[in-house]
Number of protein chains: 2
Amino acid sequence: MANESVSELKRLKMSDIARLCGVSTSTVSRALAGSPLIQEATREMIIQIADANGYVINPLARGLRLQRTNTIGVVFPLGAITAQLISDPFFQQMLGHMVDEISLRGYQILVSKVTPPKPGWLRELIKAHRTDGMVVIGQSDQHAALNDAGQVYLPLVVWGAHLPDQQYCVVGLDNIAGGRMATEHLISIGRRRIAFLGDPSPPEIAQRRQGYLAACQAAGLDVTDRLIVPAGFSPQQAEAAAERLLTENPDVDAIFAASDVIALSALHALRRAGKRVPQDVAVIGFDDSAVAAHSNPPLTTVRQDLAHAAHLMVDQLFRRLEGEATAGETLAPELIIRQSTVAP
Amino acid sequence: MANESVSELKRLKMSDIARLCGVSTSTVSRALAGSPLIQEATREMIIQIADANGYVINPLARGLRLQRTNTIGVVFPLGAITAQLISDPFFQQMLGHMVDEISLRGYQILVSKVTPPKPGWLRELIKAHRTDGMVVIGQSDQHAALNDAGQVYLPLVVWGAHLPDQQYCVVGLDNIAGGRMATEHLISIGRRRIAFLGDPSPPEIAQRRQGYLAACQAAGLDVTDRLIVPAGFSPQQAEAAAERLLTENPDVDAIFAASDVIALSALHALRRAGKRVPQDVAVIGFDDSAVAAHSNPPLTTVRQDLAHAAHLMVDQLFRRLEGEATAGETLAPELIIRQSTVAP
DNA sequence: AACCGATAGACAATCGTTTGCAGGAGGCAA
DNA sequence: TTGCCTCCTGCAAACGATTGTCTATCGGTT
């Protein structure tokens, strides 16, 4: 048995099977592919011998010949800001959903982390022809590269913000609406000195801030720059930013954090500063990741339905593989009210 | 510019570059590979022309010829229990760390979700030769398949439990010690009716339960079967299991959950049943995932350092790629005491 | 017996690289 | 001028599949 195992692992090619069956390679190829050119009896005999010998087709050779790899690339362009993929549960969740959706369709997943992106990165990735299509998670600061590639490469779908001069297919949340929605909620519970915590270099976050500013203006709140604090996505950076905010603006009465992770760090900082949530300071996050529902207090947040998003993206990607120039989609954010803004 | 872009995307092969340079394909190949056979001047000329035309080497053809793909496979064998990769943050985090570690070494990552595993799955994956090595995350119920492959395929590293008759390289936590540690902690704070919540079909969980049983016996606690409740890993399943536990054993005074997700569900169920944590029932989880620190109350748990684990696994895998038969490693669990077992 | 049509299966080119081997150009010494 | 040696560079054969084209075989018909 062990011996058989060893022998079974040795490289076995189609021509070997052909020899064992006493037919030519082409016949084996056609038989395995289920071509009608091959007689049923021959086909069965060949298949039987092939898997008795543990033959597995070589996808590299097949891909080279067919110019198809049965593989989708999932790409994370990470700017200097977020060097680690694991730094935010958002990326992890999105990746998990992508794996689920793509493998459901019988494709393999090739994950690339591009960090930091060099000028031709997307073109190079495309021209390598290792994947039949590509999903890019987050625009980072790579709008230009995406535009450049999106014009000429159809099977590309991007998760991110909708930008005005966009030449590529985007599926993404309406971040402006999300930012407005969050801020209006804070205003509706009587808050006036509302801070925004988040790094606006990714366009998603910039749009959330834009929505925040719009809501503040509409309510006649004046937003000093000091209420807008750039905060990195890692818990450490976020906590430092929250502390800076609190020392510079002791009278802040609400915090809109650009992600749940940032919001949790803010909760921590507030607790250490002796502020009560939500009585002294209300806190709202963004994403509705797993942590939000279980935090103390449970976190009010703006939900993005990543399972649905992933499904849509993969659906559009596969339609693009068929040649359809899909239009992208804008998802509606949903406000999830919990106890970090409204005491029970 | 747009026009140049379009032209740049058309398939360009090495022989095209050779023609443009007025040399042969072999010279281009050698030049790009930095072979000392090619004169420096020629080499520079070729490289200059190659990337002026945006030439990208075709990794499929290269891989076919070299029998090397510069790719590592990350495989999740999911039994019937966990059909979704995204169901547990453990898998997501592990995947995130794997992507970080592997791309750090300049390799690509090919993710496969195998669900449910069919008899020859691992052998087939190996024989496809799409990857130079393979990391399997979790043994699920596939110990036999792993043994079968591990005997003949060197570049394979598995995350999971250490089992007696193991023929493959495992990096994993000492789950028995972890289970014992958790249970002893509960005993040390005076708990006597300690429940175990978790599905013991994956060996990791079985070993945690084994440690739990050992600690109970050592302390002279008798464990009725009714205190051991199989609970799925999804929040819904876990919550149902926790509720069943509470109705069947109203006098339970501690719960050891096999994962943090299960523990959080238990917290929910306890709150709904009107029990205080930790006063009435102490709760301890496993993993120390991101949710644990922020829950209400913060969750006491047994920490597995996944960043370190991922680093070790990838390190051993690359040593195996060099031919070294690495021995695997057992990581020590660490008890993280928070307020779900000890009131502040 | 000769011919024809249909059909199963073989041949060979192709996908885009890498690399062992052979050969050509140029330099230097005799 | 010849011969030899040293560098470069080119030729062609892999790597392992797929597929258009062509051939052989077989049965049936006249």
Side-chain angles (χ1 to χ4, degrees), chain A residues 9-47 49-51 53-71 108 124 126-132, chain B residues 9-47 49-51 53-71 108 124 126-132:
Chain A
L9 260 196
K10 77 163 185 290
R11 212 161 257 129
L12 203 59
K13 37 200 240 181
M14 199 175 264
S15 57
D16 297 326
I17 301 300
R19 198 166 12 79
L20 287 173
C21 298
V23 298
S24 78
T25 321
S26 14
T27 304
V28 176
S29 173
R30 288 195 246 256
L32 295 181
S35 153
L37 287 180
I38 303 298
Q39 227 174 346
E40 189 56 22
T42 319
R43 205 183 72 104
E44 272 170 17
M45 180 266 282
I46 290 175
I47 289 185
I49 293 189
D51 55 45
N53 289 73
Y55 171 71
V56 175
I57 236 165
N58 182 323
L60 253 58
R62 183 168 208 271
L64 180 59
R65 177 65 232 244
L66 294 184
Q67 308 288 17
R68 262 192 323 103
T69 57
N70 249 263
T71 304
Q108 310 258 60
E124 284 180 18
I126 292 171
K127 287 203 270 195
H129 296 291
R130 281 205 72 174
T131 59
D132 297 339
Chain B
L9 261 196
K10 77 163 184 290
R11 213 162 255 128
L12 204 59
K13 36 200 239 183
M14 200 175 264
S15 57
D16 296 326
I17 301 299
R19 198 165 13 78
L20 287 172
C21 298
V23 297
S24 78
T25 321
S26 9
T27 303
V28 176
S29 173
R30 286 194 250 257
L32 296 181
S35 155
L37 287 180
I38 303 298
Q39 229 173 342
E40 187 55 22
T42 319
R43 205 183 73 102
E44 272 171 16
M45 180 266 281
I46 291 176
I47 289 186
I49 292 189
D51 53 46
N53 290 73
Y55 171 70
V56 175
I57 233 165
N58 182 322
L60 253 58
R62 184 169 207 270
L64 179 60
R65 175 65 231 243
L66 293 184
Q67 308 289 14
R68 263 192 322 104
T69 56
N70 249 264
T71 303
Q108 309 259 59
E124 285 180 17
I126 292 170
K127 287 204 271 196
H129 296 292
R130 281 205 71 175
T131 58
D132 297 338

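Chain letters run A, B, ... following the sequence lines, proteins first, then strands; residues in each count from 1. Every value quoted in this text rests on a predicted model; they were computed, and no experiment measured them.
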Give every residue pair that meets the salt bridge (Lys or Arg N to Asp or Glu O under 4.0 Å) criterion with at least one member in residues 32-43 of chain B, sequence neighbours excluded. Glu40(B)-Arg43(B)
Distance check needed: dA14(D) P versus Asn58(A) CG, whole Å only. 18 Å
Here the distance between atom C1' of dC15(C) and atom CZ of Arg130(A), to the nearest Å, is 16 Å
Lys13(A) side chain near dC15(D) phosphate (N/O to OP1/OP2, under 4.0 Å): yes
If I take atom CG in residue Leu64(B) and atom P in nucleotide dA17(D), what distance separates them, rounded to the nearest angstrom? 9 Å
Nearest-Å distance, CD1 (Ile38(B)) to P (dT19(C))? 13 Å
Nucleotide dT17(C), atom P - distance to CG of Leu12(B) in whole Å: 9 Å
Quick one: side chains of residues 59-70 of chain A, donor-acceptor pairs under 3.5 Å with protein atoms, not counting sequence neighbours, listed by atom name and distance.
residue	atom	partner	partner atom	Å
Thr69(A)	OG1	Thr71(A)	N	3.4
Thr69(A)	OG1	Arg130(A)	O	3.2
Thr69(A)	OG1	Asp132(A)	N	3.4
Thr69(A)	OG1	Asp132(A)	OD1	3.0

Rounded distance in Å - NE2 (His129(B)) to P (dG16(D)): 8 Å
Give a yes/no on whether any side-chain N or O of Gln67(A) is located under 4.0 angstrom from OP1 or OP2 of dG16(C). yes
Specify the closest pair of heavy atoms between Ala31(A) and Ile38(A), including all atoms of both residues, with the distance to one decimal. N-CG1, 3.9 Å
Got a sec, which pairs hit side-chain hydrogen bond (donor to acceptor under 3.5 Å, both in side chains) with one end in residues 26-38 of chain A, sequence neighbours left out? Ser24(A)-Ser26(A), Ser24(A)-Thr27(A)
Contact under 4.0 Å: Thr42(A) side-chain N or O vs dG9(C) OP1/OP2: yes
Tell me: CD1 of Ile46(B) to P of dT17(C), nearest whole Å? 14 Å
Could you tell me which non-hydrogen atom of Leu32(A) sits nearest to which non-hydrogen atom of Ala50(A), and how far apart they are? CD2-CB, 4.4 Å
Can you tell which of Ile47(A), Leu20(A), Thr42(A), Val23(A) makes a side chain to side chain contact (heavy atoms under 4.5 Å, CB included) with Val28(A)? Val23(A)
Taken to the nearest whole Å, CZ/Arg43(B) to P/dC8(D) is 13 Å
Go through the structure and list residues passing salt bridge (charged side-chain N to carboxylate O under 4.0 Å, His left out) with Asp16(A), not counting sequence neighbours. Arg19(A)
Contact letters for nucleotides 18-25 of chain D, in which S counts primed atoms plus P, OP1 and OP2 and B counts the base, heavy atoms under 4.0 Å: BBB-----
Using a cut-off of strictly less than 4.0 Å, decide whether Tyr55(A) has a side-chain nitrogen or oxygen near OP1 or OP2 of dG16(D). no
